[in-house]
Amino acid sequence: MSKEAILKIEDQELSFPIIEGTEQEKGIDLRTLRSKTGYITYDEGFGNTGSCQSEITFIDGEKGILRYRGYPIDELAEKSDFIECAYLIIYGELPDAEQRQAFSDRIGRNASIDERMHRIFEGYPRDANPMAILSAMMTSLGSYYPYLATNDRSTDLANFDEAAAFAISKVRTICAASYRVSKGLPIMYPKKDYDYCDNFLHMMFSNPYDEFPKGTLQGKALNLILLLHADHEQNCSTSTVRMVGSGGANLFASISAAIGALWGPLHGGANMAVIQMLEEIHASGDDGSKFIEQAKSGTSGKRLMGFGHRVYKNFDPRAKIIGQACDELLNELGIEDPCLDIARKLEEAARADDYFVSRNLYPNVDFYSGIIMRALSIPLNMFTVMFAIGRMPGWVANWKEVSSQAKGKISRPRQIYQGPTIRDYVPMDQR
Ligand code: SDX
């Protein structure tokens with residue numbers, strides 16, 4: 001196979017090297033295109049553009065493959081857990097017992113937030129969006145723990161292990177605290193003998209006289225949801241971490257920007273939008289068939305939320321796993337959720353409908369995840385912060401990868417300017 005691409009522009013014929021990944025993905029290295037030709041590439045939405053070479057996560061959208069550092073997601077979902085996968089995604093290898101314990105202890109030790117941060121929650125309106133609070137609080141960590149957010153790249157990398165544990169541990173505490181304050185409940189402190197997921201549920205739902213127990217089915221289901229969200233290659237929010245981190249910004253500031261990116265309904269906001277869609281269908285008495293026609297029309301402004309994906313043109317492997325977990329959890333908890341029945345009907349109808357099949361639209365990670373979160377009593381307005389808690393290891397790993405690059409170039413795309421050409425200033429009395 002040729003190791004170069006030939007590009008003919010005007011009277012020039014130029015060759016550019018081909019880059020091939022370990023999974024045989026191929027890319028044309030165009031880093032010298034502009035200097036050689038004055039031309040740039042144009043690829044709105046970057047669907048055909050590789051922004052980096054990464055060793056963290058591999059996705060094959062055509063085959064529905066997702067692997068964290070080479071390990072298939074279905075195997076990790078069955079045999080691993082969120083904290084072990086977080087270690088794998090960040091450090092590149094599965095931890096041995098000692099490494100796992102040290103990582104878990106570092107996360108446990110850093111579960112609390114500075115007491116002064118508690119007062120900030122009180123300043124928000126009761127109905128403030130938890131993503132707004134999370135983004136602000138995440139970047140504020142740099143103010144309370146400045147030694148972990150110096151914006152000096154070598155210093156921030158030297159303190160990376162501590163900063164990573166802070167981000168993974170405290171995101172959970174911040175989310176739970178914002179929920180508690182929004183309900184007028186006291187902020188609950190983490191418990192030393194609870195694991196990561198049990199501690200989150202404790203901080204969300206315990207009361208001084210009624211502690212949320214550890215080792216529950218809910219904790220197990222939450223562990224699976226977070227593991228399945230832990231990383232996903234160069235999605236919108238992870239690319240944002242790399243963009244912001246490439247400028248030398250500290251981990252907390254880079255993650256704060258990613259939280260803003262995740263908030264969008266086409267990205268992390270979709271899990272909420274799916275439940276809103278299912279509830280709307282349920283309330284209307286429609287069995288889903290009317291909604292599907294609206295989503296197909298292209299004029300209703302409605303989409304089948306939780307369906308479709310920029311990369312997966314086959315089943316999102318995470319959707320399969322979550323779909324199965326839905327049935328198990330709801331059966332074990334004895335929950336009858338009409339939204340699950342409607343979701344199943346929508347999936348069945350869409351997968352037999354040429355509109356969706358011809359566009360390779362299949363359920364994605366968000367289609368069933370909201371149903372599990374409802375079963376865990378997570379409030380709808382917190383679904384996207386749950387996605388942020390899950391994606392934290394991926395954001396942390398990508399910040400480290402971009403920050404550790406030897407040449408550390410700032411990311412700065414070009415553009416094709418389509419605005420007015422040069423013109424003279426017009427005084428006010430002549431406009
Ligand atoms: C996540 O990137 C990641 O990895 C993201 C993520 C992660 O883990 O980080 O996997 C998490 O964000 C999952 C996606 C969650 N979003 C949704 O479920 C929102 C609903 N889905 C869509 O809006 C859409 O499918 C996207 C945004 C996910 C992908 O959009 P694309 O690839 O840009 O596709 P497109 O918008 O260009 O659509 C192509 C065609 C269009 O129709 P035509 O113009 O060809 O007639 O498919 C149609 C679209 O109208 N289409 C849909 C549809 N998704 C696409 N029609 C109805 N319902 C849908 N859901």
Legend entry - 4.5 Å side-chain heavy-atom contact, V181 and Y124: no
Requested in this report: Validate the cation-pi geometry between K79 and Y71: distance from NZ or CZ to the six-membered ring centre under 6.0 Å, angle to the ring axis within 45°.
Outcome: no
Distance col, row L141:CG vs S256:OG, nearest 0.5 angstrom, shows 9.5 Å
Distance col, row L224:CG vs D81:CG, nearest 0.5 angstrom, shows 11.0 Å
TODO: Please assess F387 against H232 for the test ring-ring contact (aromatic ring centres under 6.0 Å, His included), listing each intermediate value before the final yes or no.
DONE: CA-CA 12 Å; F387 194 141; H232 210 243; 8.9 Å; no
Give a yes/no verdict on a cation-pi contact between R172 and Y196, requiring under 6.0 Å between NZ or CZ and the six-membered ring centre and an angle within 45° of the axis. yes
- Query: Do N314 and K63 touch side chain to side chain, with heavy atoms closer than 4.5 Å?
  - Reply: no
d(F291 CZ, K302 NZ) to nearest 0.5 Å is 5.5 Å
Check: Salt bridge check: are D327 and R344 linked by an N-O gap of less than 4.0 Å?
Finding: yes
Output for pair (M373 CE, L329 CG), nearest 0.5 Å, gives 12.5 Å
Minimum side-chain heavy-atom gap W395-L262 below 4.5 Å = yes
So OG of S54 and CZ of R242: to nearest 0.5 Å the spacing works out to 5.0 Å
All heavy atoms of F200 vs all of C175, minimum pair found to be CE1-CB, 4.2 Å
- [ ] Count the heavy atoms of every other residue, nucleotide or ligand shown that sit under 6.0 Å from CD of E44, and state whether that count exceeds 12.
- [x] no
Exercise for the section: Ignoring hydrogens and angles, tell me if any N or O in the side chain of N151 forms a donor-acceptor pair with the backbone of A249 under 3.5 Å. Expected result: no
Neighbour count above 12 (heavy atom, 6.0 Å) for L330 CG:
yes
In this structure, OG of S377 is separated from CZ of F205 (nearest 0.5 Å) by 5.0 Å
